[in-house]
Amino acid sequence: MQRTMRIWLSSLLLILFGNAYSQTPAQVVDLQTRPGVIQRMLVLSPPDPKATVILFAGGDGGLAIQPDGSLLRGKGNFLVRTRQLFADQGFLVEVIDAPSDRQGGSFLEGFRQTSEHVTDIKAAIAWARDHAKAPVWLVGTSRGTQSAAFVATELTGADGPDGLVLTSTILRDKKGRPVTAMPLDRLHIPVIVAHHKDDACPLCNYSQLPQLMDRLTNVSRKQLLSFTGGESKGDPCEAFAYHGYNGIESDVVNQVSAAILQK
């Protein structure tokens with residue numbers, strides 16, 4: 001009787017919640033991008049994807065993706081922890097790790113604005129175009145915006161992305177070049193900027209966003225998505241502060257996704 005009751009309850013939950021607990025099939029993809037160098041990605045592949053989103057985590061960008069798809073680092077990062085939400089929107093998702101020659105130590109620190117990084121991501125874009133006949137968007141958060149924006153300014157046409165999303169953009173940076181100091185006039189693709197109004201990270205002050213938006217002079221479309229609410233915990237520059245959209249992840253992903261799909 002108890003076993004029958006458990007089966008009945010499980011069936012009821014499936015009926016009530018449908019695919020709420022389903023996971024998009026994921027695979028680990030290794031691309032040889034430079035001599036002796038492998039770029040590893042965790043890829044989520046829904047059927048008939050509407051677009052591809054290539055996700056760049058913040059911080060040092062090192063995720064240590066294992067062959068079985070598990071991550072040893074960076075699980076809490078906003079884009080990493082919401083990868084399934086993007087797949088739920090019908091996107092093929094590529095989560096980018098540091099390449100094999102940058103595993104350990106500083107990972108992507110000091111590497112995000114280099115020709116080698118561009119070469120690695122060019123291969124990731126090409127793989128996406130081979131596996132989904134859909135637009136390819138680069139999506140970065142925090143220091144990941146320095147990767148996404150730099151690559152987008154360096155690659156054009158079929159080699160480059162069809163769109164760019166910047167969330168919690170690096171607007172100031174004493175250690176390197178912020179996004180606002182990049183040659184953004186090279187961009188002719190749509191650019192979506194998402195930012196929490198109460199982001200307290202000193203590198204990402206909301207009041208400095210007009211400088212970023214004003215520099216997007218040649219893009220085909222630009223859109224600012226501003227957010228409030230949620231909960232801020234810990235370091236204001238980390239993933240569970242307002243900086244990482246803690247508590248409003250679904251709203252952010254939904255609005256970003258709608259903007260990507262906007263015609």
Side-chain angles (χ1 to χ4, degrees), residues 22-104 107-108 111-112 114-141 143-148 150-152 154-155 157-165 167 253 256-257 260:
S22 67
Q23 294 291 308
T24 301
Q27 65 180 129
V28 174
V29 175
D30 287 336
L31 304 175
Q32 183 162 353
T33 56
R34 293 174 278 127
V37 175
I38 296 297
Q39 174 64 64
R40 176 164 285 183
M41 312 181 297
L42 182 62
V43 178
L44 282 66
S45 304
D48 301 318
K50 302 171 184 176
T52 294
V53 289
I54 300 180
L55 307 183
F56 297 86
D60 62 23
L63 304 178
I65 299 172
Q66 300 300 291
D68 65 358
S70 61
L71 284 72
L72 299 185
R73 306 178 79 253
K75 298 177 195 176
N77 178 266
F78 165 62
L79 289 179
V80 176
R81 72 178 189 265
T82 60
R83 62 190 183 275
Q84 181 62 50
L85 296 180
F86 280 100
D88 290 343
Q89 295 288 333
F91 297 144
L92 187 150
V93 178
E94 294 181 10
V95 181
I96 295 292
D97 199 353
S100 59
D101 62 341
R102 300 289 299 187
Q103 289 293 318
F107 294 95
L108 293 182
F111 185 76
R112 292 186 185 275
T114 65
S115 60
E116 292 83 2
H117 192 38
V118 172
T119 297
D120 295 341
I121 305 309
K122 179 180 176 181
I125 293 171
W127 189 92
R129 295 202 188 281
D130 287 343
H131 288 79
K133 304 304 179 185
V136 178
W137 286 66
L138 304 185
V139 184
T141 196
R143 289 208 176 274
T145 62
Q146 290 172 299
S147 285
F150 181 73
V151 171
E154 292 291 308
L155 297 176
D159 290 338
D162 298 295
L164 174 65
V165 179
T167 76
V253 171
V256 167
S257 300
I260 288 174

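Side chains included, hydrogens not; waters and symmetry mates left out as well; all remaining heavy atoms used.
Few gaps surround CG on D130; more than 12 heavy atoms of other groups in view lie less than 6.0 Å from it.
K50 contributes atom NZ, which lies 6.5 Å from atom CD of Q89 (distance to the nearest 0.5 angstrom). Rounded to the nearest 0.5 angstrom, D101 CG and D120 CG are separated by 7.0 Å. A distance of 12.0 Å separates CZ of R102 from CD of Q39, quoted to the nearest 0.5 Å. Between the CD1 atom in I96 and the CG atom in L55 there is a gap of 8.5 Å [rounded to 0.5 Å]. Considering OG1 of T82 and CG of N77, their distance stands at 8.0 Å, rounded to 0.5 Å. Once rounded to the nearest 0.5 Å, the distance linking CD1 of I54 with CH2 of W137 reads 13.0 Å.
Heavy-atom minimum distance, I125 versus A158: CG2-O, 4.2 Å. Here the shortest heavy-atom pairing between P46 and G90 reads CG-C, 4.0 Å. Taking each heavy atom of A152 and L138 in turn, the nearest pair found is N-CD1, 4.2 Å. Nearest heavy atom pair, residue G140 against residue T145, reads O-CG2, 3.4 Å. The two atoms that bring F150 and V118 nearest to each other are CE2-CG2, 3.5 Å, heavy atoms only. The nearest pair of heavy atoms linking A64 to Q103 is CA-OE1, 3.9 Å.
The shortest side-chain heavy-atom distance between F56 and I121 falls under the 4.5 Å cut-off. Residues F86 and L44 form no side-chain contact, since every pair of their non-hydrogen atoms from C-beta on lies 4.5 Å or further apart. A 4.5 Å side-chain heavy-atom check between D97 and V95 finds every atom pair outside the cut-off. Side-chain atoms of S100 and R34, non-hydrogen and from C-beta on, never get closer than 4.5 Å to each other. Within the 4.5 Å cutoff, the side chain of L42 has heavy atoms near those of the V28 side chain. Counting only heavy atoms from C-beta outward, the side chains of E116 and F111 approach each other to under 4.5 Å.
Distance alone, capped at 3.5 Å, places no donor-acceptor pair between the Q84 side chain and the Q23 backbone. Not a single donor-acceptor pair under 3.5 Å links the side chain of E94 to the backbone N or O of L92. A distance-only check finds a donor-acceptor pair linking the side chain of R81 to the backbone of G76 [under 3.5 Å].
Applying the ring-ring contact (aromatic ring centres under 6.0 Å, His included) test to F78 and every residue at least two apart in sequence or in another chain returns Y245.
Note on R129 versus D162: salt bridge recorded, some NZ/NE/NH1/NH2 to OD/OE distance being below 4.0 Å.
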Working for side-chain contact (heavy atoms from CB on, under 4.5 Å), residues I65 and M41:
CA-CA 8 Å; I65 299 172; M41 312 181 297; 5.8 Å; no
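Both tests hold for R73 against F107: distance to the six-membered ring centre under 6.0 Å, angle to the ring axis within 45°.
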